[in-house]
2 protein chains.
Amino acid sequence: MMPRRVPLKNRMPAQPAAGRRRPAETIADAHQGARRTRLHDVKDPQPHCATCHLQRLCLPFGLEPGVMQMFDELIGKRLRLKKSDTLYRPGERFSALYAIRSGSCKTVLLSEDGRDQVSGCHMAGDIIGTDGIGVGAHDCQATALEDMEVCALPFARIEELAQDHARVGQNMHRLLAREISRERRVMLMLGTMRADQRLAAFLLDLADRYRARGYSATEFVLRVTRDEIGSYLGLKLETVSRLLSRMHRDGLILVQGRTIKLLDTPQLKRMIDTGQ
Amino acid sequence: MMPRRVPLKNRMPAQPAAGRRRPAETIADAHQGARRTRLHDVKDPQPHCATCHLQRLCLPFGLEPGVMQMFDELIGKRLRLKKSDTLYRPGERFSALYAIRSGSCKTVLLSEDGRDQVSGCHMAGDIIGTDGIGVGAHDCQATALEDMEVCALPFARIEELAQDHARVGQNMHRLLAREISRERRVMLMLGTMRADQRLAAFLLDLADRYRARGYSATEFVLRVTRDEIGSYLGLKLETVSRLLSRMHRDGLILVQGRTIKLLDTPQLKRMIDTGQ
DNA sequence: CGCCGTCTTGACGAATCTCAAATAAAGTGG
DNA sequence: CCACTTTATTTGAGATTCGTCAAGACGGCG
């Protein structure tokens, strides 16, 4: 019998600490190829779609019990990632979507020349990997911001299941279309807002999403650095830092490191809408 | 028998010239409700998917002849729009995707407060309306930039057809996913590029798309105003104008009104990649 | 305790916006 | 088709926002 749990220290024996830039195998690689001991598979109290508290945010939402069961069986693996592990990288063959069960990650776009940009921050209940569907290969990189657990949803099997159960296909369409809408909103933000408005919008969006997951909508801990926020918002980290300080001074928020407390949400909203 | 073609001047009898801001019925409205004579339906030489030269860009791509036939029959109406007609608006119930057969249009995002942004320019072969799938209502506005002809693809029937023919569902997924990738590229542009790089990227993107449709990739006519370009790129129209002038002075392009000729494509590419 | 990554803050400069005015082009009604 | 109106475009000057560079503070970790 394999031990069910490996001590934290030994989780990634093949990954030297200094190797962050190396084109190392991604977790998903390891999963696909089964070329190494699957230390990351989650074997413990196997979760099920039917009892998952994130269900209503996820793909099997609204399925009849029988179909839900089938969906559950479809799930390839539950994977566990440690902070800064990479789930997939650009160019990697696309084979599955990933539902985040816990933890959070960022997705980063990389272009041939040096430019890169954080294209999203994702938390429990989000489904990522959709960037791979279009051409069969991922075009961005998903990196854990903290330890996390994801369900791998093999895409081919989702499409099979969609054949027999219209609802699955519909949910898939919804998922993709919602992603499109989300990105449009980001485009609108990047194209039409000043720096302070963008930051306010970012904070309020986070707040909304925490609320939707049952967490406090006014007090939370950022999982990202100032640099990553800036990248996402099209700003430099200094600008982000300055703006956070200013909002703090103005009594809009309380900032202490990465802990944020929203003090005047209405004013933040107004700032976005009216530009002050 | 109704006349097959109505003289240009009489196409929109119910639309007074001054009513541009009025919440007028959209073309799609008229189509859905059949509440007025369907002057815009295209009845003439009925086109078919099987013979459509835009097929390879469209949803029925790669279908077997029989299925292609079914897809063809699924098409609700071919609609004709005149310049500045609106195909759908924000809030309108989503019922169909639209494949552009000829002409071009822009999609505009509108937020409650005054902000708006051109979110895309679409030409023959593009499919628009995907913004409506997520919540069942459109969240942007599609407006014709010139006279155009579109095929309405009732979404419910696409989903039905996808049940029996996996390929249809797959094409649908591809379509949506590609839209996601496209928008990510735009986000990357808005978030990481300087004004001149954005404009260069815009021109080269247009060039690519014209090429893909068999038109000249080096000489074309913009269908949009400087203001609309600026809106799309997150810039002011003056900035766009100045940059076009500068690129002209620098011998990169030739500008005459909305006619653009690309003189030094490699340099434009380099400008994007290296920032000069 | 000292290192390293992260964050803050200031001073300065460049990119872009705003406002304004002149010109060019397109659309309209006779 | 013309005269007229409206809309689109160009260009300049000055203001603003944001980025760059640089120095120091903070905080976690070995």
Side-chain angles (χ1 to χ4, degrees), chain A residues 8-9 17-18 20-21 83-84 106 115 117-118 145-146 189-200 221-249 253-260 271 275-276, chain B residues 8-9 12 15-21 82-84 106 114-115 117-118 143 145-147 189-200 221-249 253-260 271 275-276:
Chain A
L8 263 177
K9 296 288 185 179
R20 196 177 295 172
R21 297 250 148 200
K83 181 171 174 174
S84 90
K106 62 175 177 178
R115 276 179 305 122
Q117 183 182 26
V118 173
L145 294 167
E146 57 191 324
M189 179 182 75
L190 292 175
T192 67
M193 288 185 186
R194 283 198 321 267
D196 53 350
Q197 295 174 300
R198 294 185 204 180
L199 187 57
V221 176
L222 298 174
R223 258 64 194 225
V224 284
T225 66
R226 306 289 193 259
D227 192 29
E228 285 162 335
I229 297 174
S231 171
Y232 179 63
L233 299 177
L235 303 170
K236 293 295 156 184
L237 74 148
E238 294 96 330
T239 305
V240 173
S241 176
R242 268 186 254 272
L243 289 172
L244 285 173
S245 298
R246 197 171 83 196
M247 288 177 172
H248 183 107
R249 259 202 314 282
I253 61 178
L254 227 87
V255 186
Q256 189 157 60
R258 298 200 187 167
T259 303
I260 302 283
M271 176 185 289
Q276 235 161 92
Chain B
L8 262 177
K9 295 288 183 180
M12 300 205 63
Q15 185 115 24
R20 197 177 294 170
R21 297 249 147 200
K82 294 196 359 125
K83 181 171 175 175
S84 91
K106 63 175 176 178
R115 276 178 307 120
Q117 183 182 27
V118 173
T143 305
L145 294 167
E146 57 191 324
D147 291 6
M189 180 181 75
L190 292 175
T192 67
M193 288 185 186
R194 283 198 322 266
D196 54 350
Q197 296 174 299
R198 295 185 203 180
L199 186 57
V221 176
L222 298 173
R223 258 64 195 226
V224 284
T225 66
R226 306 287 194 260
D227 192 30
E228 286 162 335
I229 299 173
S231 171
Y232 179 64
L233 298 177
L235 304 171
K236 293 294 157 185
L237 72 147
E238 294 97 329
T239 306
V240 173
S241 176
R242 270 186 252 273
L243 289 173
L244 284 173
S245 299
R246 196 172 84 196
M247 288 177 173
H248 182 108
R249 260 201 314 283
I253 62 179
L254 225 88
V255 186
Q256 189 158 62
R258 297 199 188 168
T259 305
I260 302 283
M271 177 185 288
Q276 234 160 97

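Note on naming: letters A, B, ... go to the chains in the order of the sequence lines (proteins, then strands), and numbering restarts at 1 for each one. From a predicted model like this one, the values you see are computed outputs, not experimental measurements.
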How is A:R258 classified with respect to the nucleic acid when contacts are heavy atoms under 4.0 Å: base, sugar-phosphate, or nothing?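 Sugar-phosphate contact only.
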Under 4.0 Å between any heavy atoms, over every strand shown, what does B:S241 touch: base, sugar-phosphate, or nothing? Just pick one.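 Base, at least one base atom sits under 4.0 Å.
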Could you give the distance from [atom1] ([X]) to [atom2] ([Y]), rounded to the nearest 0.5 Å?
X      : Y      : atom1 : atom2 : value
B:R115 : A:T192 : CZ    : OG1   : 4.0 Å
A:M193 : A:R198 : CE    : CZ    : 9.0 Å
B:L243 : B:M247 : CG    : CE    : 6.0 Å

Rounded distance in Å - [atom1] ([X]) to [atom2] ([N]):
X      : N      : atom1 : atom2 : result
B:L244 : C:dA24 : CG    : C1'   : 16 Å
A:D227 : C:dT8  : CG    : C1'   : 14 Å
B:L199 : D:dT10 : CG    : P     : 11 Å
A:R226 : D:dA25 : CZ    : C1'   : 14 Å
B:L237 : C:dT23 : CG    : P     : 18 Å
B:K82  : C:dG27 : NZ    : P     : 11 Å
A:L222 : C:dG5  : CG    : C1'   : 17 Å
A:H248 : C:dC7  : NE2   : P     : 16 Å

Distance-only donor-acceptor hits, side chain of residues 228-235 of chain B, under 3.5 Å, sequence neighbours excluded:
unit_1, atom_1, unit_2, atom_2, d
B:E228, OE1, B:T225, N, 2.9
B:E228, OE1, B:T225, OG1, 3.4
B:E228, OE2, B:K106, NZ, 2.6
B:S231, OG, B:V118, N, 2.8

Does some side-chain heavy atom of B:I260 sit less than 4.5 Å from a side-chain heavy atom of B:L254?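 In short, these two side chains do not touch, never coming nearer than 4.5 Å.
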Every protein N/O lying under 3.5 Å from an N/O of nucleotides 14-18 of chain D:
unit_1, atom_1, unit_2, atom_2, d
D:dC18, OP1, A:A195, N, 2.7

Identify the pairs formed between an N or O of the protein and an N or O of nucleotides 10-14 of chain C at a distance under 3.5 Å, and give each distance.
unit_1, atom_1, unit_2, atom_2, d
C:dG10, N7, A:R242, NH1, 2.8
C:dG10, O6, A:R242, NH2, 3.1
C:dA11, N6, A:R242, NH2, 3.4

N/O donor-acceptor pair under 3.5 Å between B:R258 side chain and B:V221 backbone: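 Looks like no, no N/O pair under 3.5 Å.
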Could you check whether any side-chain N or O of B:D147 sits under 3.5 Å from a backbone N or O of B:K82, counting only pairs where one atom can act as donor and the other as acceptor?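 Checked: no pair found.
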Name all residues meeting the salt bridge (charged side-chain N to carboxylate O under 4.0 Å, His left out) criterion together with B:K236; count only those two or more places apart in sequence or in a different chain, and write none if there are none.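 B:K236 satisfies salt bridge (charged side-chain N to carboxylate O under 4.0 Å, His left out) with no residue once adjacent residues are dropped.
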Return the set of residues passing salt bridge (charged side-chain N to carboxylate O under 4.0 Å, His left out) with B:R226 (not counting sequence neighbours), or none when no residue passes.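 Applying salt bridge (charged side-chain N to carboxylate O under 4.0 Å, His left out) to B:R226 gives none.
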Report for the helix from C:dC1-D:dG30 to C:dG30-D:dC1: angle between first-end and last-end helix axes, five pairs each, rounded to 10 degrees.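 The angle separating the two end axes equals 50°.
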Smallest separation among heavy atoms of A:A200 and A:M271, with atom names: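 Distance-wise, the nearest heavy atoms are CB-SD, 4.0 Å.
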Keeping to residues at least two apart or across chains, list the side-chain hydrogen bond (donor to acceptor under 3.5 Å, both in side chains) pairs with something in residues 238-247 of chain A.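 Output for this query lists A:D196-A:R246.
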